[in-house]
Structures are given as C-alpha cells and as structure tokens.
Amino acid sequence: MYRKKRVLLTGHTGFKGSWLAEWLISLGADVTGFALPPSTQPSLFTQLGLDSRLRHIEGDVRDLSAVRKVVDDTKPEFIFHLAAQPLVRLSYDQPVETYATNVMGTVNVLEAVRLVHRPCSVVAITTDKCYENKEWVHSYREEDPMGGYDPYSSSKGAAELVIASYRKSYFSAADSPIKLASARAGNVIGGGDWALDRIVPDCIRALQRGETIPVRNKIATRPWQHVLEPLSGYLWLGACLHNSELTAFSSQLPGAFNFGPALASNRTVAELVQEILKHWPGDWTDKSDPKAVHEAKLLNLATDKAHHFLEWSPAWSFGTTIEKTVDWYHNAIVAEAEAANCTRQHINEYSEDAFKMGIRWAK
C-alpha cells in the first residue's frame, strides 16, 4: 500500500515519529519529515540515521506558512500528523507552548491540507488522555466527551475538537478527496524513548547508573503498549482511508479510533517497574509526592471500534512488550549501531507475530 507513495510525517524526529519513519521506509514509501530538531540526546532519530534516509525538513507546525509550503511541495498522498508537545509535566511549565503546538499546530496542518485541496488521507494522532477522565474503571470509548485536567491533556482534547470540526466543515462530502481520521493511543513504550519524566527511560537511566529507580506515581494504572501496536493501527487506518476496498466499513473510517492493548496490559506503574526488573535486575523506591502536580490515576481504552471496523487488534502481550523494550535498550547501550538493527528486527518480529495471529493488516 505505501510503496512509492508520497508520505508527509510531522514529528518524525520524536520517539514515535522515528519508529513510524523507519517502518514507512521499510515499506518503500517516499517519506518527507517535518519537525523541530530532536529534543533529546541521544535520540532515536539520530540513532537510526534518518536525516539521510528520508527528506528531512526542520520546521515548526506553529508556522502556517512553513506547513503550507511543505504540503505544497510534497503533494502528499498520506499525512501522519504526530508533531506535538507530548509531556504532561512539561505542559505545567510551558502551557502556552503546549497549546500552541498541540492545538494550533493541528489547525495549521489541516488548514494547509484544506487550502491545497489535493487527494490525501490524513491520520492525526492525539492521545488517550484527550478524554474527560472521571477516574472510573470502565474503558473510554470514542464517543465519550473530551476533556483534560492538565494543559497537555486538555490541549489534546481541544485538538480532537479541531479535527472533528475540520472533518465536518470541509471534508465530509462523500466525494471529498481528503479523508481525515484521528487516532488515540494508550501509554506507548519501547526502545529509543529518551525523554525526561517518562517512567521507562527514567528506569533505564537509573539502571545504567546502578542507582535505585525513583517511582513517583506507583499506583497509577495505564494501558501500556509497545510503540509498534498503535503504529500498526495508524498505518492500517491510513491505508483503509486511501483504499475503500480494504474494508467493508469505509464510510465509518473518517472519525476517531482508539488503539490500545489487551485488558491484561492495564497495569500499575509499580507492576511495570517490577516487570522491567525481571530483565534488568535492580531496585526501585517510592518517591510519591503529595504536592506533585496532578496526573491521572486510572485510564483505560476501549478498542472495539478498531476491532470491528478495521479488524485490528494488539499482537504483543504486556510481558512481551517489556521484554522487547528492555532488550532494545540493552543492545543499544552495548553498541550504538545495534539501535538501528534492533529497531528493524522488532518491526519484522512484530509483523511476523501479527501475521501468525491472522490480524488483518498483516495478511
């Protein structure tokens, strides 16, 4: 589906964007990336050598003229919009930048698509935190209300409202050349995430130094999933938007989709850390701070819609996800070149496992 297709990927220098860029390249896509420089050192983008393997354009989604130019120049058949300020705790320190990037950045991408008005399938990525979180046990469905306590979460809820508005206002006609969907993923983990204030890279940094892992929110429950899980959903959703023959439910696809793990992967932070320590021995300590900024305690996603309309389902269990993640860091830390090899190997292994399970996109 993606071979020789023109794909514009915003946020390609980030953690998820780098994995998606690598996968698209392996599928033979003609990839253009538009993003700020990598925000971490090291960065997966650099470890994969992506700057020389795709059309790399440094730019800011807050700049409409720059976004429109790259859309004009690229003439993309697919757009995956991942560019974002993705950290909850940072959003408390930088609320204006968070809203500008996550809300107006999304407006700018969709406005550029509207103005160019070329046939294009657009998948805009938000987050599971876009929902109005009532801290209840049932899983959130796509029709549940948007919300968000902190600036990050509320900015993503607002981005979803923007996406829905553009879809209804400009791209809703049956013959519209532009197909637009949004994707909401759970807590994504995997090798190559070097961000601050994220539990997995925090664990790896502590273990590298032989230090005790500080855990600030041990009872928080999250839908942990390997980065390849939602990326497979994004790619398949984009393909189905582009080719209506791939699914019997093509009219249902312009909309929002949750991509989350199996129910057994909804685990506490403490359980996550304990699982990591099975593969990289060490210790952790409770650093809960009653004065810390608010973070959600309970958050689960319902993925029935993706299952029924896309025949999508997760392929890796919680245990496999942690095993692959720690394996990636072990290899990359021992030898820098192994980061790229391990990334490609995990993409191949994930695709093979999905094929064995009979998941629709992998057939």
Side-chain angles (χ1 to χ4, degrees), residues 14-24 26-27 44 48 80 82 125 127-128 139 183-193 198-201 203-204 221-239 257-280 299-308 310-332 338-363:
F15 163 55
K16 285 173 69 177
S18 294
W19 274 94
L20 184 53
E22 184 65 44
W23 201 344
L24 283 164
S26 75
L27 294 173
L44 183 59
L48 296 178
F80 294 94
L82 275 71
I125 315 306
T127 176
D128 58 346
S139 301
R184 306 161 183 173
N187 275 58
V188 173
I189 60 176
D193 185 359
R198 279 197 186 137
I199 186 59
V200 170
C203 286
I204 297 301
T221 300
R222 296 286 186 271
W224 308 104
Q225 60 183 330
H226 194 276
V227 62
L228 291 172
E229 301 277 25
L231 295 189
S232 70
Y234 305 165
L235 288 169
W236 184 235
L237 176 56
F257 284 83
N258 288 338
F259 294 103
L263 231 97
S265 293
N266 292 318
R267 305 290 186 98
T268 66
V269 171
E271 289 176 298
L272 173 77
V273 174
Q274 292 283 35
E275 191 72 21
I276 289 172
L277 295 179
K278 289 180 183 178
H279 304 279
W280 191 331
L299 184 58
N300 298 323
L301 286 180
T303 58
D304 309 57
K305 185 178 178 183
H307 176 73
H308 291 299
L310 297 173
E311 298 179 72
W312 177 91
S313 61
W316 280 354
S317 67
F318 178 72
T320 300
T321 293
I322 303 305
E323 179 185 358
K324 299 294 186 185
T325 298
V326 177
D327 174 69
W328 190 101
Y329 284 108
H330 264 307
N331 283 287
E338 285 304 305
N341 293 334
C342 205
T343 301
R344 293 167 196 145
Q345 179 184 336
H346 285 182
I347 291 172
N348 290 335
E349 290 172 350
Y350 178 78
S351 300
E352 289 169 4
D353 288 347
F355 175 79
K356 291 174 186 174
M357 293 173 67
I359 297 174
R360 179 76 173 86
W361 64 265
K363 290 180 180 179

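Just so you know, these numbers use all the heavy atoms, side chains as well, and skip hydrogens, waters and symmetry mates.
Scored by the side chain to side chain contact (heavy atoms under 4.5 Å, CB included) test, Thr320 finds Trp316, Ser317, Lys324 as partners (sequence neighbours excluded). With sequence neighbours left out, the ring pair (Phe, Tyr, Trp, His ring centres under 6.0 Å) criterion links Tyr329 to Trp194. Residues passing the side chain to side chain donor-acceptor pair (under 3.5 Å) test with Asp327, sequence neighbours excluded: Asn331, His346. Shown here are the ring pair (Phe, Tyr, Trp, His ring centres under 6.0 Å) partners of His330, two or more places apart in sequence or in another chain: Trp280.
Separation of atoms OG1 (Thr303) and CG (Asn258) is listed at 7.5 Å; rounding is to 0.5 Å. A distance of 10.0 Å separates CG in Asp193 from CD1 in Ile204, rounded to the nearest 0.5 Å. For the atom pair SG (Cys203) and CD1 (Ile199), the distance works out to 4.0 Å, reported to the nearest 0.5 Å. Atom CH2 of Trp328 and atom OG1 of Thr343 lie 5.5 Å apart (nearest 0.5 Å). Atom OG of Ser232 and atom OH of Tyr350 lie 3.0 Å apart (nearest 0.5 Å). Here the CD-CD1 distance, from Glu271 to Ile276, works out to 12.5 Å after rounding to the nearest 0.5 Å.
Minimum interatomic distance between Asp128 and Pro223 (heavy atoms only, all atoms of both residues): OD2-CG, 3.6 Å. Nearest approach of Arg222 to Asn187, heavy atoms of both residues: CD-OD1, 3.3 Å.
Between the side chain of Trp224 and the backbone N or O of Arg267 there is at least one donor-acceptor pair closer than 3.5 Å. A donor-acceptor contact shorter than 3.5 Å links the side chain of Gln225 to the backbone of Phe259. Formation of a donor-acceptor pair under 3.5 Å by the Ser265 side chain with backbone atoms of Pro261 is not found in this model.
For the pair Glu275/Phe318, a side-chain contact is recorded, criterion being any heavy-atom separation below 4.5 Å from C-beta on. Contact of the Leu272 side chain with the Ile189 side chain is registered, since non-hydrogen atoms from C-beta on lie closer than 4.5 Å.
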For a quick test of your reading: what N or O donor-acceptor pairs under 3.5 Å do the side chains of residues 354-363 make, sequence neighbours left out?
residue	atom	partner	partner atom	Å
Arg360	NH2	Leu246	O	3.1

For residues 15-24, please give each side-chain donor-acceptor pair under 3.5 Å, one per line with the distance, not counting sequence neighbours.
residue	atom	partner	partner atom	Å
Lys16	NZ	Tyr234	OH	2.7
Ser18	OG	His12	O	3.2
Ser18	OG	Gly14	O	2.7
Ser18	OG	Phe45	N	3.3
Trp19	NE1	Gly191	O	2.8
Glu22	OE1	Arg53	NH1	2.7
Glu22	OE1	Arg53	NH2	3.4
Glu22	OE2	Arg53	NH2	3.0
Glu22	OE2	Arg344	NE	3.0

Assess the residue pair Ile322 and His279 against the criterion (side chain to side chain contact (heavy atoms under 4.5 Å, CB included)); give the C-alpha distance rounded to whole Å, side-chain angles, the decisive distance to 0.1 Å, and a yes or no.
CA-CA 8 Å; Ile322 303 305; His279 304 279; 4.0 Å; yes
Dump the intermediate steps for side chain to side chain contact (heavy atoms under 4.5 Å, CB included) on Thr221 and Val269, then the final yes or no.
CA-CA 6 Å; Thr221 300; Val269 171; over 6 Å; no
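Counting only N and O atoms by type, the side chains of Glu338 and Asn341 include a donor and acceptor under 3.5 Å apart.
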